[in-house]
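Have a look at the structure below, then the notes.
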Number of protein chains: 2
Amino acid sequence: MSATDTKKKRDAEATRKRILEAAKKEFAKNGLGGARVDEIADRAKANKRMIYHYFGSKEDLFRAVLEAAYLHIRNAEKRLELDNLPADEALEKLVKFTWDYYLKHPEFITLVNSENLHRARHLKDAETIADATMGLVAMVEKILLRGQEQGIFRDGIDSVQLNITIAAIGYYYLTNRFTGSILFKRDMMNPEALEERLSFNVETIMRLVRA
Amino acid sequence: MSATDTKKKRDAEATRKRILEAAKKEFAKNGLGGARVDEIADRAKANKRMIYHYFGSKEDLFRAVLEAAYLHIRNAEKRLELDNLPADEALEKLVKFTWDYYLKHPEFITLVNSENLHRARHLKDAETIADATMGLVAMVEKILLRGQEQGIFRDGIDSVQLNITIAAIGYYYLTNRFTGSILFKRDMMNPEALEERLSFNVETIMRLVRA
DNA sequence: GACTTAATGCACTAACTAGTTACTTCTGAA
DNA sequence: TTCAGAAGTAACTAGTTAGTGCATTAAGTC
């Protein structure tokens, strides 16, 4: 059987992956409480027993899904290589990337919401993810310093607050797109609306940092 | 029995209110899916039968809670009477109010999150709330116009985008306070942190609108 | 004080759900 | 070829949950 043949009758790693992927979708759609283990098993074309075999419990499965989701975005951010860009371009790129990432991975938002509903109890000792996040903060800190040296950014900006704000203006718009579209009586998700929001966000952040 | 005596053996209105209040807490704590009807009945010191008598179903109860929550914040905003203030003061007051409201009513955030997880299906024909929200947008629009006439605000700012942004920078910080406190390795909820965030938010919005 | 109507309480059910038991089937190393 | 251990399955359990049927009790009306 060749290495690329994915139709092996037995493949622990592949089954594990299918379960993780199915779980991500189900948790994202229904939250931790609303997700059904049976549904995850079906989606993964696996047996429920396999879930308990590989992950131990529904909560531990959620933890695994959540950690994978955080590591995925942190890695994508790292690959931006913002250090090689002029400060203003780097910051704008990060704002745009963050927006695009949330747009392409709505499940990330829902997972984070679910985790916060549960007071982050699955993340309690996720040292790796916290470290990766501090790496992102350091990245932004470097951008800020470069911009200040150039004289285009003001100083005294807290890089954690800036990070939070960059996330916030995209995240809030997208997580509340359903209630928002009703309450503001406008379709928040058509291409023009999305584009308009992205430029508004870029403007917000650039005005925030400019000297 | 006096009018102020709240211990009447039968009081439909009071029971209804107790159920609504209890449901708000339970839905806020566990989301729509995670909330337990029995728990709501217990908290309300009512019988589960009463919930179905007054509200018909768990989903309809959730709808009632959600509508009450939206009307509450919209009314509070209206009472700010921002029309009587200079444009810059009015805007700053709105930013601060929004922050304080979320801080004092964390259940509002959780309810909105829950509703968006369910694609806003309970809000589908909430005309009243949409109208109230458009009233808020109009209020901000007036502030922007006043500021422009004074020459202190730039023009071309979309009042819906501004509204969304004002909400976003407070909402995101608070809804993600649990994961945030772990990932950023700082306590996001101590008084100094809260104060710092509020000034950051005011700064963000004022820089966004200034000419 | 009898009558009507609404409020309340209890006990039940039908469906569902996370997790398990006990088993079969496959794989690869010796 | 054998066989131990890993992968996989189906049926089950014990507990939970939204929702109901029905009887009872109180309040207001005449």
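Reminder, nothing fancy here: chain letters follow the sequence lines and each chain counts from 1. The analysis underlying the following values was restricted to heavy atoms, covering all of them including side chains, and did not include hydrogens, waters or symmetry mates.
A donor-acceptor contact closer than 3.5 angstrom links the side chains of Asn113(A) and Thr175(A). Checked by atom type, the side-chain pair Thr165(A)/Arg197(B) shows a donor-acceptor distance below 3.5 Å. No side-chain donor-acceptor contact under 3.5 Å links Arg186(A) and Ser181(A).
Distance, Ile40(A) CD1 to dT17(C) C1': 12 Å, rounded to whole Å. In this entry the distance linking CG of Asp60(B) with P of dG19(D) reads 9 Å, nearest Å. Going from atom CE of Met50(B) over to atom P of dA11(C) covers 16 Å, rounded to whole Å. Atom P of nucleotide dT21(C) and atom NE2 of His53(A) are separated by 14 Å, given to the nearest angstrom. Atom-to-atom, NZ of Lys48(B) to P of dA18(D) comes out at 7 Å; the value is rounded to the nearest Å. Here dG19(C) presents its P atom at 10 Å from CG of Leu61(A), a figure rounded to the nearest Å. Separating the CZ atom of Arg49(B) from the P atom of dA18(D) is a distance of 15 Å, rounded to the nearest angstrom. Atoms CG (Asn47(A)) and P (dA7(D)) sit 14 Å apart, rounded to a whole Å.
The side chain of Asp38(A) sits closest to dA18(C) out of dT9(D), dA18(C), dG9(C). Closest to the Lys58(A) side chain, of the nucleotides dA7(C), dG19(C), dA18(D), is dG19(C).
Here the side chain of Glu115(B) pairs no donor or acceptor atom with the backbone of Leu66(B) at under 3.5 angstrom. In terms of modelled atom types and a separation under 3.5 Å, the side chain of Asn116(A) and the main chain of Arg119(A) share no donor-acceptor contact.
Within the nucleic acid shown, Ala35(A) comes within 4.0 Å of sugar-phosphate atoms alone, with no base atom in reach, counting heavy atoms only.
For Tyr54(B) and dA6(C), the shortest distance from a side-chain N or O to OP1 or OP2 is not below 4.0 Å. For Ser57(B) and dA18(D), the shortest distance from a side-chain N or O to OP1 or OP2 is not below 4.0 Å.
DNA chain D contains the following stems of three or more consecutive Watson-Crick or G-U pairs, with both distances under 3.5 Å: C:1-30 with D:1-30.
Not less than 6.0 angstrom separates the ring centroid of Tyr172(B) from the ring centroid of Tyr172(A).
Ring orientation note: the planes of Tyr101(A) and Phe97(A) are tilted relative to one another, at an angle of 30° to 60°.
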